[in-house]
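These notes concern the structure reproduced below.
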Amino acid sequence: MKETDEKILLTPGPVAVPADILQELSRPMIHHRTPTFIKIFKDVLAELKNVFGTEQAVMIHTSTGSGAMESAVVNTLSYDDEVLCVVSGKFGERWSEICKTYKLKVHELATPWGSAVQLEQISTILQKHPKIKAVFCQYCETSTATVHPVREIAELVKKNAQTLFIVDAITAIAAMPLQMDEWGLDVVVAGSQKAFMMPTGLSFIALSEKAWSFQKKSNLPKYYFDLKNEKTANEKGQSFFSSSVSHIRALGSALQYFKGAKLQANIQRCSAIGSALRLAGAQIEMPAYSSSPSSSVTALLVPDGIDGEKLCNLLEDKFHVTVMGGQDQLKGKIVRLGHLGPVSLSHFEKAIEGLGKSLQLLGKDLHDEKIKKALEIFRHETKSLK
Ligand SMILES: *Cc1c(COP(=O)(O)O)cnc(C)c1O
């Protein structure tokens with residue numbers, strides 16, 4: 001067990017949990033309907049609004065991020081509604097699958113993996129199918145480390161009073177700029193194990209005024225996820241069902257990392273690490289995969305002739321760094337590194353060095369000089385960060 005404890009976790013969620021947050025998780029239980037907890041809960045809900053950039057209520061589900069995705073669907077839509085899902089990777093597929101589960105009429109806009117969706121494609125579909133009630137998209141498609149232009153899409157969807165724009169910001173929020181109200185995003189969902197640096201287990205959702213008007217009319221079945229009940233309870237400092245007390249106390253600590261100017265600082269840090277990783281990756285013949293790269297997770301291409309799965313396993317076994325490979329059509333072809341939280345820069349240096357050396361061990365003709373150069377570039381690009 002000791003050995004796994006010492007691994008450096010650089011996956012795009014879950015991310016490493018800082019010690020102060022871990023400590024919160026181990027505190028004795030208190031009841032969720034007590035004044036002590038109600039105060040903690042109210043503070044957390046208020047603080048979440050800053051991270052979302054909204055005046056609207058941000059609500060918490062005790063579920064993984066996918067729960068908030070399902071909540072977004074069942075709270076806004078009705079039987080037989082038409083929707084548009086941008087599908088450019090595993091998480092875009094998930095929007096589509098959830099919508100199909102509720103028998104909605106799904107138009108899929110398939111975008112090549114690794115590239116951003118084109119605005120013209122969305123406007124063409126919306127013109128052709130004026131009854132579309134919602135457009136679903138990822139801000140960052142984690143499976144390909146690709147960013148979609150959600151701010152611009154919001155501008156476009158906003159023009160149609162009958163259509164909502166619903167955004168999975170799970171690997172974007174707190175790691176990339178996001179202003180829900182200012183940008184006109186109608187529903188935003190997030191999850192605890194990404195930039196919030198918590199264990200998996202909480203998800204977050206906020207609705208615009210326009211989305212709340214859809215919520216009132218929505219007739220898809222919902223019980224646990226009924227946000228009307230949740231919001232009413234939240235206004236009294238309560239959750240509708242039991243609160244996950246430990247997680248919410250830990251969230252209180254996590255949110256301290258994003259208070260005031262710290263949120264912007266984390267966003268800049270994520271972005272600087274992302275560009276440094278792309279430059280360093282290119283040095284060891286692992287260039288960035290995406291043409292619209294995310295600043296919260298980076299996908300590097302595995303060189304021809306090298307098995308990406310073996311590369312990830314070697315990196316973990318020999319260099320004690322855990323990263324993620326690709327899924328489906330990208331299986332064995334990319335490695336993904338998450339840089340959402342305040343991960344120590346030395347951990348990324350270990351990852352770069354480990355990747356280079358693992359490539360060598362797998363038979364790639366890669367000169368030591370190139371690994372050295374990659375590390376120099378990474379250090380140079382991140383020298384202003386602490
Ligand atoms: C992690 C993630 C999710 C949520 O996955 P869960 O396993 O349900 O927490 C959803 N969308 C994106 C883009 C993600 O990165």
Side-chain angles (χ1 to χ4, degrees), residues 9-17 51-52 59-74 85-99 101 108-109 111 113-117 134-150 153 165-176 178 180 185 187-206 224-225 244 247 250-251 254 270 274 289-290 292-299 322-328 330 334-341 343:
L9 188 61
L10 294 183
T11 53
V15 303
V17 181
V51 180
F52 275 65
M59 291 148 290
I60 301 174
H61 294 307
T62 308
S63 75
T64 73
S66 303
M69 293 174 77
E70 181 155 352
S71 173
V73 172
V74 297
C85 297
V86 173
V87 179
S88 68
K90 292 301 284 179
F91 292 104
E93 282 171 10
R94 189 163 303 173
W95 275 135
S96 177
E97 282 164 17
I98 297 170
C99 290
T101 301
E108 281 187 5
L109 172 47
T111 301
W113 284 32
S115 45
V117 64
V135 176
F136 290 90
C137 189
Q138 269 62 40
Y139 186 171
C140 168
E141 172 53 75
T142 316
S143 62
T144 64
T146 298
V147 170
H148 290 301
V150 290
I153 301 171
F165 183 37
I166 300 182
V167 179
D168 166 357
I170 294 180
T171 42
I173 203 154
M176 289 195 248
L178 185 142
M180 176 174 166
L185 312 179
V187 180
V188 173
V189 301
S192 58
Q193 80 273 34
K194 308 290 168 94
F196 290 100
M197 303 171 293
M198 302 234 322
T200 308
L202 294 182
S203 67
F204 314 109
I205 183 166
Y224 179 79
F225 285 135
S244 181
H247 275 92
L251 179 61
C270 291
Y289 164 73
S290 175
S292 172
S294 162
S295 55
S296 61
V297 42
T298 293
T322 308
V323 298
M324 285 301 283
Q327 297 156 286
D328 292 354
L330 289 177
I334 57 168
V335 299
R336 290 176 297 148
L337 298 96
H339 34 96
L340 301 116
V343 185

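Counting convention: from 1, in listed order, for ligands and their atoms alike. Bear in mind that the values here come from a model prediction, so they are computed numbers and not experimental data.
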Any nitrogen or oxygen of E141 lying under 3.5 Å from a nitrogen or oxygen in ligand 1? Just yes or no.
no
Modelled atom types, side-chain donor and acceptor of H247 and T62, under 3.5 Å
no
Which residue and heavy atom of the protein sit nearest atom 11 (N) of ligand 1, plus the separation:
D168 OD2, 2.6 Å
Under 4.0 Å, heavy-atom basis, I'd like to know which part of K194 is in contact with ligand 1: side chain, backbone, both or neither.
side chain
Both conditions, 6.0 Å and 45 degrees, for the charged tip of K194 above the ring of Y139: are they met here?
no
If the cut-off is 4.0 Å to any non-hydrogen atom of R94, which atoms of ligand 1 fall inside it?
5 (O), 8 (O)
I'd like to know if the side chain of R336 and the backbone of T142 have a donor-acceptor N/O pair within less than 3.5 Å.
yes
Quick note on ligand 1: atoms under 4.0 Å from a heavy atom of G65 include exactly 4 (C), 6 (P), 8 (O), 9 (O)
Is the side chain of Q138 donor-acceptor paired with the backbone N or O of G92 at a distance under 3.5 Å, no angle test?
yes
Numbering the atoms of ligand 1 from 1, which are under 4.0 Å from a heavy atom of C140?
13 (C)
Can you name the atoms of ligand 1, numbered from 1 with element, that are less than 4.0 Å from a heavy atom of T171?
15 (O)
ring-ring contact (aromatic ring centres under 6.0 Å, His included) partners for W95, two or more places apart
F136
Atoms of ligand 1 close to T142 [distance to a heavy atom under 4.0 angstrom, numbered from 1]:
12 (C), 13 (C), 14 (C), 15 (O)
Under 3.5 Å: donor-acceptor pair, side chain of T101, backbone of E97:
yes
Nearest protein heavy atom with distance in Å, relative to atom 9 (O) of ligand 1:
Q193 NE2, 2.8 Å
Protein contact of atom 10 (C) of ligand 1 - nearest heavy atom, named by residue and atom, plus distance
I170 CD1, 3.2 Å
Pairing donors with acceptors under 3.5 angstrom, does anything connect the side chains of T146 and S292?
no
How would you list, by chain and number, every residue that makes a ring-ring contact (aromatic ring centres under 6.0 Å, His included) with F225, sequence neighbours excluded?
H61
When you measure from atom 8 (O) of ligand 1 to each heavy atom in A172, S66, G13, which option holds the nearest one?
S66
